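A quick note: this is a predicted structure, and the numbers were derived from the prediction, not measured.
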Amino acid sequence: MECKGFVDASAVIGKLDKRCYGQFIEHLGRCIYGGIWVGEESGIPNRKGFRLDVLEAIKELNPKVVRWPGGNFSSGYHWIDGVGPREERPRRYDMAWGAEEPNAFGTDEFLEWCRLVGAEPFIVVNAGNGTPEEAAGWVEYCNSKGGTYYASLRRRYGHADPYGVRLWGVGNELYGRWQIGFCLDGAECARRTMEFANEMRKVDPSIEIVAVGCEDPEWNLEMVKKAGEYFDYLSVHIYIGGDKPYRELAAVPLDIEERLRNVYGLVQSARQRYGVKREIRLAFDEWNVWYPEAKAPLHEQVTGVRDAVFTGGVLNALQRLCREVPIGCFAQTVNVLPLIIAAEDGRMALTPQYLVFKLYGENTGDHVLKTAVDTDHYRSSGLMRPVPYVDLSATATEDGRTIYLHVVNRHEKEPAELEISFRNFTPKEASCMYVAGEKVDDRNTLGEPDRVKIERKDGTVEGGRLHVDLPAHSVNVIKTLG
Ligand code: AHR
């Protein structure tokens with residue numbers, strides 16, 4: 001299959017906020033306990049209780065933001081249970097997931113772990129059965145320099161300096177009856193969001209707030225109309241049933257891109273209509289494929305190359321949506337719908353989805369550029385639309401000397417002979433890294449952790465055009481120096 005791409009180095013869509021490659025970890029199944037945290041006494045190698053192989057693997061992803069503690073879990077979580085001497089922390093019934101929460105991993109552990117992996121913390125407060133006062137106390141514990149109760153408690157527990165947590169979520173999926181303390185409609189959620197944001201900002205006016213949004217226009221309209229001056233980001237979650245035919249799954253990122261644009265468009269119309277001055281963008285703070293086998297209590301699944309193609313497609317969409325959706329959090333990082341499989345016996349496997357995150361995280365620019373592709377299409381019966389086999393997104397470094405091309409070849413059988421031409425950029429050399437495996441169903445498992453790898457090849461440059469052959473069902477990042 002032949003395919004032509006075009007990149008305009010002088011047409012910048014926007015600055016790339018690298019938080020779009022962010023992660024989400026929740027007290028659920030073996031994500032925190034067994035994945036992120038094993039405790040200092042564990043036989044599994046650890047650093048201060050943090051599972052070492054997972055810590056190192058996440059450091060390599062270099063996520064710019066990590067969301068915690070949930071998810072549904074956050075709507076029943078009382079943060080005070082998770083601070084102070086570990087042996088004195090209460091063991092609580094976790095109503096959200098019907099599990100036992102030992103509270104060994106709490107605020108200070110999360111913030112220390114974020115420091116170790118180099119991520120900005122994003123904390124979701126309990127706006128389910130919690131109170132605005134409790135949430136404001138949490139902000140005080142994390143951010144206050146003063147001598148008041150919670151700031152002093154933090155010092156007493158060994159953390160002299162405030163952490164300066166900037167990003168706070170008020171609630172999780174409060175539109176759903178499954179959520180502890182759910183709201184009946186957007187108006188009720190708006191009222192609750194205002195009360196929480198108000199008290200939290202009285203403690204630290206510099207924080208940024210992520211409010212609960214969804215894809216229901218009525219909900220979002222009420223949120224913006226009533227609470228629009230109280231939050232900075234509206235959250236959207238999308239999970240895709242993984243048990244679709246490959247071609248349908250590979251097409252879904254196009255739909256996700258359109259859906260996010262629609263939500264953003266509605267938010268901007270509502271701001272205009274109701275005179276909301278505060279800028280509001282989207283936080284796509286839970287997204288992934290979800291296979292039928294990923295059930296309670298563990299929510300485990302082993303994803304493969306087909307899911308890596310989906311993931312590359314979503315990351316390309318998020319790059320193109322850099323102005324509208326600066327935050328993305330993949331759900332979830334370890335053991336639950338996982339990027340990383342961390343077994344109880346100490347073995348670990350990195351999924352092809354993980355490899356895609358690694359590729360993008362390590363090889364990306366600072367600005368997103370305008371691109372066009374001339375490629376064959378197939379028809380998606382689910383989306384009822386033509387789907388281009390090749391998807392292209394491009395980013396350039398600040399100095400304009402390097403361009404990264406992020407290219408997905410959705411074709412399940414055919415490689416793509418890609419030729420890229422540029423405006424206002426002359427490529428001198430190009431190298432390509434990609435994830436493709438041999439078959440779309442290839443996976444990395446504990447028994448065979450290296451079946452799918454990041455592979456490398458060179459591109460050629462001739463007459464100002466770049467040529468690379470993209471394997472079938474592949475996610476590629478091509479680095480080109482000008
Ligand atoms: O990621 C698993 C769960 O999915 C989260 O707790 C919830 O927010 C979503 O419904």
J.: Under a 4.0 Å N-O cut-off, is there an ion pair linking R281 with D232?
T.: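 Not counted as a salt bridge, because no side-chain N and carboxylate O are separated by less than 4.0 Å.
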J.: Under 4.5 Å between any side-chain heavy atoms of D94 and E100, yes or no?
T.: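 No; the side chains remain at least 4.5 Å from each other.
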J.: Please test E438 against R451 for salt bridge (charged side-chain N to carboxylate O under 4.0 Å, His left out), starting from the C-alpha separation and ending with a verdict.
T.: CA-CA 9 Å; E438 279 174 24; R451 187 175 180 91; 5.0 Å; no
J.: Calculate, to the nearest 0.5 Å, the distance between atoms CD1 and CE belonging to I180 and M95 respectively.
T.: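 Answer for the CD1-CE pair, I180 versus M95, is 5.0 Å.
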J.: Is the side chain of S235 donor-acceptor paired with the backbone N or O of V212 at a distance under 3.5 Å, no angle test?
T.: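 Judged by distance alone, no pair lies under 3.5 Å.
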J.: Is a side-chain donor or acceptor of D442 paired with a backbone partner of V452 at a separation under 3.5 angstrom?
T.: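 A pair under 3.5 Å: no.
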J.: Tell me, please, whether Y246 has R306 positioned over its six-membered ring: NZ or CZ under 6.0 Å from the ring centre and within 45 degrees of its axis?
T.: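 Negative - R306 is either too far from the ring of Y246 or too far off its axis.
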J.: Any donor and acceptor pair, going by atom type alone, linking the side chain of E300 with main-chain N or O of E293 inside 3.5 Å?
T.: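 No.
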J.: Give, for atom CG of L234 and atom SG of C214, the distance between the pair rounded to the nearest 0.5 Å.
T.: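 Going from CG on L234 over to SG on C214, the span is 8.0 Å.
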J.: Any salt bridge linking E258 with R261? Criterion: basic side-chain nitrogen under 4.0 Å from a carboxylate oxygen.
T.: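 Between R261 and E258 there is no salt bridge, as every charged N stays at least 4.0 Å from the carboxylate O atoms.
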J.: Hey, would you say the H27 and W97 ring centroids sit under 6.0 Å apart?
T.: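 For H27 and W97, the ring centres are not under 6.0 Å apart.
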J.: Checking side chain to side chain contact (heavy atoms under 4.5 Å, CB included) between I240 and each of V314, D255, I256, which is the one that passes?
T.: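 Testing I240 for a side chain to side chain contact (heavy atoms under 4.5 Å, CB included) against V314, D255, I256 leaves exactly one candidate, I256.
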J.: Whether R423 engages the ring of F6 as a cation-pi pair (distance to the six-membered ring centre under 6.0 angstrom, angle to the ring normal within 45°) should be assessed.
T.: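 No - R423 does not lie over the ring of F6 by the 6.0 Å and 45° rule.
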J.: Can you confirm if the aromatic rings of H377 and Y389 lie within a centre distance of less than 6.0 Å?
T.: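 Aromatic pair excluded; centres sit 6.0 Å or further apart.
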J.: So, are E112 and K48 salt-bridged, with charged N and O less than 4.0 Å apart?
T.: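 Looking at K48 together with E112, the answer is yes, because their closest N to O distance falls below 4.0 Å.
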J.: Under 6.0 Å between ring centres, would you say that holds for F24 and F330?
T.: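 No; F330 has its ring centre 6.0 Å or more from that of F24.
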J.: Going from CG on L28 to CD on E101, what distance comes out if it is rounded to the nearest 0.5 angstrom?
T.: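 Taking CG in L28 and CD in E101, the distance rounds to 11.0 Å.
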J.: Rounded to the nearest 0.5 Å, what's the gap from CG on L392 to NZ on K4? Could you check?
T.: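 NZ of K4 is found 14.0 Å from CG of L392.
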J.: Please check this pair: side chain of T351 against backbone of T303, looking for a donor-acceptor N/O pair closer than 3.5 Å.
T.: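 Not at all, since once roles are kept as given, no pair shorter than 3.5 Å links the two residues.
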J.: Given W168 and C142, is the side chain to side chain contact (heavy atoms under 4.5 Å, CB included) satisfied, shown in steps?
T.: CA-CA 11 Å; W168 294 82; C142 292; 3.8 Å; yes
J.: Find out whether E26 and W68 are in side-chain contact, i.e. whether some heavy atom of one side chain is under 4.5 Å from a heavy atom of the other.
T.: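 No, every pair of side-chain atoms sits at 4.5 Å or beyond.
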J.: Ring-plane angle category for Y77 and F73, please: parallel below 30°, perpendicular beyond 60°, tilted otherwise.
T.: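 Judged by the thresholds at 30° and 60°, the geometry between Y77 and F73 is tilted.
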J.: If you count the non-hydrogen atoms of other residues, nucleotides and ligands that lie under 6.0 Å from CD in E362, is the total more than 12?
T.: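 More than 12 heavy atoms, drawn from other residues, nucleotides or ligands, come within 6.0 Å of this atom.
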J.: Checking side-chain polar atoms at under 3.5 Å, does H367 have a donor or acceptor matched by the opposite partner on E398?
T.: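 Note: H367 and E398 side chains meet the donor-acceptor criterion.
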J.: Keeping N444 on the side-chain end and L350 on the backbone end, is there a donor-acceptor pair under 3.5 Å?
T.: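 Yes, the answer is positive, given that a donor and an acceptor are paired below the 3.5 Å cut-off.
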J.: Give a yes or no on whether the backbone of L315 and the side-chain of Y21 come within a donor-acceptor separation of less than 3.5 Å.
T.: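 Checking the backbone N and O of L315 against the side chain of Y21, no donor-acceptor pair under 3.5 Å is found.
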J.: Any side-chain donor paired with an acceptor under 3.5 Å for Y434 and N409?
T.: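 Per modelled atom types, Y434 and N409 side chains form no pair under 3.5 Å.
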J.: Whether K18 and D366 form a salt bridge (side-chain N of Lys/Arg under 4.0 Å from carboxylate O of Asp/Glu) is what I want to check.
T.: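 So D366 pairs with K18 through a salt bridge.
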J.: Salt bridge or not between K59 and E56? Use side-chain N to carboxylate O under 4.0 Å.
T.: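 Between E56 and K59 there is a salt bridge, with a charged N closer than 4.0 Å to a carboxylate O.
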J.: Between R410 and P388, is any pair of side-chain heavy atoms under 4.5 Å apart?
T.: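 With C-beta onward as the side chain, the pair touches.
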J.: I want to check something: taking the side chain as every heavy atom from C-beta on, are M1 and E417 in contact at a cut-off of under 4.5 Å?
T.: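 No. Closest side-chain heavy atoms not under 4.5 Å.
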J.: How many angstroms lie between CD in Q319 and CD1 in I13, if you round to the nearest 0.5 Å?
T.: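 Between Q319 CD and I13 CD1, I get 9.5 Å after rounding to 0.5 Å.
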J.: For N288 and A331, indicate whether the former's side chain and the latter's backbone hold a donor-acceptor pair under 3.5 Å.
T.: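 Pair found, side chain donor or acceptor close to backbone of A331.
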J.: Check whether any side-chain heavy atom of R259 lies under 4.5 Å from a side-chain heavy atom of E215, and answer yes or no.
T.: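 Of all side-chain heavy-atom pairs linking E215 with R259, at least one is under 4.5 Å.
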J.: Taking the side chain as every heavy atom from C-beta outward, state whether V170 and V210 have any atom pair closer than 4.5 Å.
T.: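 Heavy-atom side-chain distance check fails, nothing below 4.5 Å.
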J.: My understanding is that only one of L61, N316, T395 makes a side chain to side chain contact (heavy atoms under 4.5 Å, CB included) with Y360; could you say which?
T.: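 Among L61, N316, T395, the one that satisfies the side chain to side chain contact (heavy atoms under 4.5 Å, CB included) with Y360 is N316.
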J.: Nearest 0.5 Å, what's the CG-OG distance between L369 and S10?
T.: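 Nearest 0.5 Å value for the CG-OG distance: 8.5 Å.
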J.: Main chain of M384, side chain of R379: is a donor-acceptor contact present, judged purely on distance under 3.5 Å?
T.: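 Between the backbone of M384 and the side chain of R379 there is a qualifying donor-acceptor contact (under 3.5 Å).
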J.: Between D441 and R443, is there a side-chain N and carboxylate O pair less than 4.0 Å apart?
T.: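 Salt bridge: no.
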J.: Would you kindly say whether Q179 and N72 are connected by a side-chain donor-acceptor distance under 3.5 Å?
T.: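 Short answer, yes.
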J.: Is T333 reaching over with its side chain to a backbone N or O of I25, donor-acceptor style, under 3.5 angstrom?
T.: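 Checked: no pair found.
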J.: Does the side chain to side chain contact (heavy atoms under 4.5 Å, CB included) test come out yes or no for L405 and V477, once each step is laid out?
T.: CA-CA 6 Å; L405 307 165; V477 179; over 6 Å; no
J.: Considering only NZ, NE, NH1 and NH2 on the basic side and carboxylate oxygens on the acidic side, decide whether K64 and E120 come within less than 4.0 Å.
T.: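 No salt bridge links K64 with E120.
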J.: May I ask you to decide whether D8 forms a salt bridge with K370, counting only side-chain N to carboxylate O separations under 4.0 Å?
T.: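 Not counted as a salt bridge, because no side-chain N and carboxylate O are separated by less than 4.0 Å.
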J.: Do the charged groups of D345 and R347 touch, with an N to O distance under 4.0 Å?
T.: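 Between R347 and D345 there is a salt bridge, with a charged N closer than 4.0 Å to a carboxylate O.
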J.: Would one find more than 12 heavy atoms of other residues, nucleotides or ligands at under 6.0 Å from atom CZ of R401?
T.: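 Check fails, neighbour count at 12 or below.
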J.: State whether a side-chain donor-acceptor pair under 3.5 Å links S381 with E248.
T.: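 The answer is yes; a qualifying pair exists.
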J.: Hey, can you tell me if F425 and F422 have their rings parallel, tilted or perpendicular (30° and 60° cut-offs)?
T.: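 Tilted.
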J.: Could you tell me whether a side-chain N or O of S474 sits under 3.5 Å from a main-chain N or O of N476, the two making a donor and an acceptor?
T.: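 No: the side chain of S474 does not pair with the backbone of N476.
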